[in-house]
Amino acid sequence: MNAHADPLRFPPGFVWGAATAAYQVEGSPLADGAGPSIWHRFSHTPGRVRDGDTGDVACDHYRRYPEDIALMRSLGLQSYRFSIAWSRVLPEGRGRINQAGLDHYARVVDALLEAGIAPNITLYHWDLPAALDDRGGWLNPDIADWFADYATLMFRTLGDRVPLWSTLNEPWVVADGGYMHGVLAPGHRSAFEAAIAAHHLLLAHGRGVQAFRASGARGQIGLVVNLEPKYPASHSPADLAATLRAEAYMNRQYLDPVLRGTHAEELAEVFGEAWPAPRPAEQMAVIREPIDWLGVNYYTRSVVRADESAWPQRASAVPQRGALHTETAWEVYPRGLTDTLTWVKNRYGNLPIYITENGSAFFDPPSAEVDPLPDPLRTQTLHKHLAAVHAAIGAGVDVRGYYAWSLLDNLEWAHGYSKRFGLLHVDYATQRRTRKASALAYAAVIAANAL
Ligand code: GBH
């Protein structure tokens, strides 16, 4: 319960869920005829992932999904957001279909529906088929066609049963981590490539939405973006300009084209000579294809100052000493979630929003000796963020649901298994799942539909 006298009630029908992504939890990446993804390659490249961790086993969710769905049900989860591994259903990314891969996801969807849990499917959460990377990956203009064909296959297979779909998870991270800074697959480091990848991500998204409409699938389709409010460190003109560059780069780079049909002006300053000439109107129209909902992933904020040495934004984050930080060194700043949701409404209009990810990495032991495992910092952080969502709803933002990141501890990309975000603890030596106290606290919120 919150500290208030009255419970903070959520609107009737508010959707409570938890999220994962294929490469982070499934394991068995090459099982049953699947092709390798760029994350399989990247994690098997020495030096790319901490401690040499890979997704070869992960949480073994590919085989243990029935047990995991039973756990979801026991917590009262109403929806499960997960992603499809493109190279399980199309081993080369295009052309030949792997029926075993399609059958797997059909079984997952049916098991969820059987348990009364609504599937929310992300088509792309970073695990591009390696065969497509061999053809240039997100740098090849044909990728919008490849993605639309893959999306169509999934809509035809599952479109009669899945209420919520999204095209891409966090295109900003794909282009920035994968092509600008090289810390995520495929590990390139070029502003020119990042600008090209960003454009092709937008086109793929738009073509995916068009494919959804053409397929006659039921349900609704959206885009998932990561947003972090940017606050100026001072009122100096230099810091204010740096804050606008940082905001344009992370928060407006994808939403302005999709929801307004324009590009944020400051991007020309961020990308410099890598920034292209204006895109053709036909392409901007594809990108602007209307979506049904917006997914917002929220983790932290930044306080921004001008910094000529910080490539490419010439802006850097000022550390907030004294504030609570997670194990990923992100400041815990719940108020930023209210601010971000309000910002979306003010800038883009009051479209339906789901919080598709929100969570925190705090230390938990490798093996859980008690059930529930106490995780007071995660529990407290969860409550504060739910109160921040409630405040945004009170301010008139149309928030329809919330997904905790993550259902399970999992492979935190380049950090490997060193960071634990789960509501459920995973003992990687035994694959045993143990509930953390935060899972039970979340279950209580769900049961009451109130905080
Ligand atoms: C998400 O991305 C992913 O969708 C998910 O797969 C992942 O496991 C999860 O979050 C946890 O990481 O270092 O202070 O500059 C997270 C997007 C973008 C959030 C960059 C943190 C950097 C903050 N991230 N941001 S800072």
Side-chain angles (χ1 to χ4, degrees), residues 18-26 37 39 42-43 49-50 53 55 58-59 61 81-83 85 120 122-127 166-178 180-181 183-185 201 223-231 233 242-243 246-247 249-251 253-254 295-305 307 310-313 315-321 323-333 336-337 340 354-362 378 381 385 403-423 426:
T20 63
Y23 193 73
Q24 295 181 274
V25 297
E26 285 180 345
S37 72
W39 265 95
F42 194 74
S43 69
V49 175
R50 179 167 164 175
D53 287 345
C59 309
H61 184 65
R81 174 175 179 248
F82 64 99
S83 76
N120 179 338
T122 305
L123 289 171
Y124 186 73
H125 200 129
W126 309 359
D127 46 355
S166 68
T167 53
L168 310 177
N169 179 71
E170 299 184 347
W172 180 85
V173 173
V174 175
D176 180 79
M180 180 81 89
H181 290 107
V183 295
L184 303 174
L201 284 157
L223 170 68
V224 173
V225 292
N226 56 295
L227 298 178
E228 293 174 20
K230 308 292 178 183
Y231 305 94
T243 304
E247 186 197 71
Y249 183 53
M250 187 186 281
N251 298 339
Q253 186 177 174
Y254 296 87
V296 173
N297 295 352
Y298 178 77
Y299 289 92
T300 190
R301 68 154 170 179
S302 39
V303 177
V304 180
R305 68 178 178 92
D307 179 355
W311 181 81
Q313 303 175 73
S316 60
V318 179
Q320 299 302 297
R321 302 167 98 250
L324 176 63
H325 286 72
T326 66
E327 290 278 310
T328 45
W330 301 339
E331 183 193 358
V332 174
Y333 192 73
L337 179 50
T340 281
Y354 289 85
I355 313 298
T356 32
E357 290 179 25
N358 172 239
S360 53
F362 286 109
R378 187 178 294 98
T381 300
H385 283 86
Y403 293 81
W405 182 270
S406 177
L407 178 71
L408 301 161
D409 292 334
N410 60 53
L411 180 85
E412 179 52 22
W413 305 113
H415 293 288
Y417 296 101
S418 69
K419 305 289 179 261
R420 293 177 177 269
F421 280 85
L423 295 171
V426 176

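Counting starts at 1 for both ligands and their atoms, in listed order.
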Could you tell me if Asp307 and Ser316 have a donor-acceptor pair between their side chains, going purely by distance under 3.5 Å? yes
Between the side chains of Tyr354 and Ser166, is a donor N or O closer than 3.5 angstrom to an acceptor N or O? no
Across all chains, not counting sequence neighbours, the side-chain hydrogen bond (donor to acceptor under 3.5 Å, both in side chains) partners of Asn297 are Asn169, Glu170, Thr356, Glu357
Q) Are Tyr231 and Tyr333 close enough that their ring centres sit under 6.0 Å apart? A) yes
query = Does NZ or CZ of Arg81 lie under 6.0 Å from the centre of the six-membered ring of Tyr403, at an angle within 45° of the ring axis?
reply = no
Dump all N/O pairs between ligand 1 and the protein below 3.5 Å as a table: atom names plus distance, one pair per row.
residue  : atom   : partner : partner atom : Å
ligand 1 : 2 (O)  : Glu170  : OE1          : 2.8
ligand 1 : 2 (O)  : Glu170  : OE2          : 3.1
ligand 1 : 4 (O)  : His125  : NE2          : 3.3
ligand 1 : 4 (O)  : Asn169  : ND2          : 3.0
ligand 1 : 4 (O)  : Glu170  : OE1          : 3.3
ligand 1 : 4 (O)  : Glu170  : OE2          : 3.4
ligand 1 : 4 (O)  : Glu357  : OE1          : 3.0
ligand 1 : 4 (O)  : Glu357  : OE2          : 2.9
ligand 1 : 6 (O)  : Gln24   : OE1          : 2.8
ligand 1 : 6 (O)  : His125  : NE2          : 2.9
ligand 1 : 6 (O)  : Trp413  : NE1          : 2.8
ligand 1 : 8 (O)  : Gln24   : NE2          : 2.9
ligand 1 : 8 (O)  : Trp405  : NE1          : 3.3
ligand 1 : 8 (O)  : Glu412  : OE1          : 2.7
ligand 1 : 10 (O) : Tyr299  : OH           : 3.2
ligand 1 : 10 (O) : Glu357  : OE1          : 3.3
ligand 1 : 12 (O) : Glu412  : OE2          : 2.5
ligand 1 : 13 (O) : Trp330  : NE1          : 3.2
ligand 1 : 25 (N) : Glu228  : OE2          : 2.6

| Where does the angle between the aromatic ring planes of Trp311 and His181 fall among parallel (under 30°), tilted (30 to 60°) and perpendicular (over 60°)? | perpendicular
